[in-house]
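First up is the structure itself, then whatever we jot down about it.
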There are 2 protein chains.
Amino acid sequence: MILNQATDYAFRAILYLAGQTRGKVVEAQAIARQQVVPMRFLLKIMPSLIKAGIVKSQRGVGGGYYLAKDPKDITFLDVVEAVEGPIAINRCLVDEKYCSKHGAPTCQVHRALADIQGILVLELKSHNFGDLQH
Amino acid sequence: MILNQATDYAFRAILYLAGQTRGKVVEAQAIARQQVVPMRFLLKIMPSLIKAGIVKSQRGVGGGYYLAKDPKDITFLDVVEAVEGPIAINRCLVDEKYCSKHGAPTCQVHRALADIQGILVLELKSHNFGDLQH
DNA sequence: TTAAAGTACACTTAATTGGTGTACTTTAAG
DNA sequence: CTTAAAGTACACCAATTAAGTGTACTTTAA
């Protein structure tokens with residue numbers, strides 16, 4: 001029931017990029033140093049943010065990263081899902097084979113968990129990186 | 001960002017006990033069989049539910065488990081915390097040393113996460129095993 | 001006294017986490 | 001057109017956690 005370190009680093013990287021003037025290309029080195037993230041690990045995380053359309057990169061000399069959209073359009077949910085994949089607070093919510101009642105509608109635990117997960121997803125969606133800026 | 005298997009099994013065990021007539025002692029064997037939980041693993045989980053005051057046990061011949069209180073007074077949060085310990089969606093919420101800004105109030109990611117976690121905890125608290133019974 | 005039950009604790013195997021190593025590709029600048 | 005600074009790709013690794021087992025023990029009704 002915990003976000004992993006990669007997600008935490010992703011939050012910080014995006015927060016940092018959101019604090020730059022829009023479109024400014026920032027090298028990994030700078031993000032890593034400023035946000036106290038192991039540089040090599042950050043470099044491994046960034047591509048998933050790119051695939052998710054959250055940041056863009058520029059390769060070659062003077063390259064780096066910049067946000068692909070306005071910070072207020074980047075939610076916590078976007079970042080979590082980009083790094084960890086779709087949210088599932090219990091594996092029975094992903095794959096029915098893990099539901100001892102095989103076939104969700106009869107399992108009341110399943111229903112309650114789906115409920116709770118729904119609220120969590122909404123809440124993650126309601127926080128964005130624009131709000132964090134002030 | 002997922003509950004572990006032990007917690008899932010605990011939910012099912014409690015759901016099963018909640019479906020029995022109040023105070024009836026049910027042996028681990030029966031819970032395991034009915035809820036499709038590996039018996040030995042269940043036996044390892046139950047003591048944490050006992051420590052948390054959620055179930056009680058009777059040892060010896062004819063022994064087993066029964067709920068320590070009314071199902072409606074057992075929340076999902078109670079069970080999660082009994083099995084997994086206090087909830088923390090990010091380690092920076094538990095131990096400041098993991099917050100790159102050392103000292104929470106200045107870190108905006110930290111604040112947003114604390115917010116989200118608060119909602120999650122409330123939601124877990126709002127579901128109980130009495131509601132599941134009908 | 002016996003056998004059925006829960007308890008305790010050590011162990012095991014596999015997966016996941018958090019990183020690193022090494023080689024590669026892209027690209028601005030000289 | 002070469003160089004060096006940057007990101008990318010993919011394989012590897014050590015430590016931790018997850019999920020489950022083995023074995024010995026304690027409690028207790030019959």
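Every chain is numbered from 1, with letters handed out A, B, ... down the list of sequences.
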Under the 3.5 angstrom rule, does the side chain of [X] hit a backbone N or O of [Y] as a donor-acceptor pair?
X: A:Thr75; Y: A:Asp78; value: yes
X: B:Gln58; Y: B:Gly64; value: no
X: A:Gln35; Y: A:Ala13; value: no
X: A:Asn90; Y: A:Leu93; value: no

Tell me: [atom1] of [X] to [atom2] of [N], nearest whole Å?
X: B:Arg40; N: C:dA10; atom1: CZ; atom2: P; result: 14 Å
X: B:Glu27; N: C:dG6; atom1: CD; atom2: C1'; result: 12 Å
X: A:Asn4; N: D:dA18; atom1: CG; atom2: C1'; result: 16 Å
X: B:Ile2; N: C:dT17; atom1: CD1; atom2: P; result: 10 Å
X: B:Ile45; N: D:dG20; atom1: CD1; atom2: P; result: 8 Å
X: A:Leu43; N: C:dA23; atom1: CG; atom2: P; result: 17 Å
X: B:Phe41; N: C:dA10; atom1: CZ; atom2: P; result: 18 Å
X: A:Lys56; N: C:dT26; atom1: NZ; atom2: P; result: 19 Å

Establish whether the base of D:dT28 is bridged to the side chain of B:Arg59 by a donor-acceptor pair shorter than 3.5 Å.
no
Suppose we call a contact any N or O donor and acceptor under 3.5 Å apart; does that hold for the side chain of B:Lys44 and the base of D:dG20?
yes
Steps toward side-chain contact (heavy atoms from CB on, under 4.5 Å) verdict (B:Arg22, B:Asp70):
CA-CA 8 Å; B:Arg22 183 73 199 274; B:Asp70 203 276; 4.0 Å; yes
Taking the nucleotide of DNA chain D with the closest heavy atom to each, which residue, B:Gln5 or B:Gly60, is nearer the 5' end?
B:Gln5
Whichever of A:Lys51 and A:Gly62 has its nearest DNA chain D nucleotide further upstream toward 5':
A:Gly62
Identify the two heavy atoms, one from B:Ile2 and one from A:Ala88, that lie closest to each other, and give their separation to 0.1 Å.
CG1-O, 3.1 Å
Selected nucleotide, minimal atom distance to [X] side chain, candidates [options]:
X: A:Tyr65; options: C:dA5, D:dT8, D:dA18; answer: D:dT8
X: B:Ile50; options: C:dG19, C:dT7, D:dT8; answer: C:dT7
X: A:Val61; options: D:dG20, C:dG6, C:dT27; answer: C:dT27

Between B:Leu120 and A:Glu123, does a side-chain contact (heavy atoms from CB on, under 4.5 Å) hold up when you go through it step by step?
CA-CA 8 Å; B:Leu120 175 63; A:Glu123 186 64 15; over 6 Å; no
Please determine if a side-chain N or O atom of A:Ser57 lies less than 4.0 Å away from the OP1 or OP2 oxygen of D:dT8.
yes
Tell me whether the OP1 or OP2 atom of D:dA19 has a side-chain N or O from B:Tyr9 closer than 4.0 Å.
no
Let me test you: for the helix from C:dT1-D:dA30 to C:dG30-D:dC1, what is the angle between the axes at its two ends (five pairs each), rounded to 10 degrees?
10°
Which sits closer to the 5' end of DNA chain C, A:Gln58 or A:Leu3, going by the nucleotide each is nearest to?
A:Leu3
Is the shortest side-chain N to carboxylate O distance from B:Asp8 to B:Arg12 below 4.0 Å?
yes
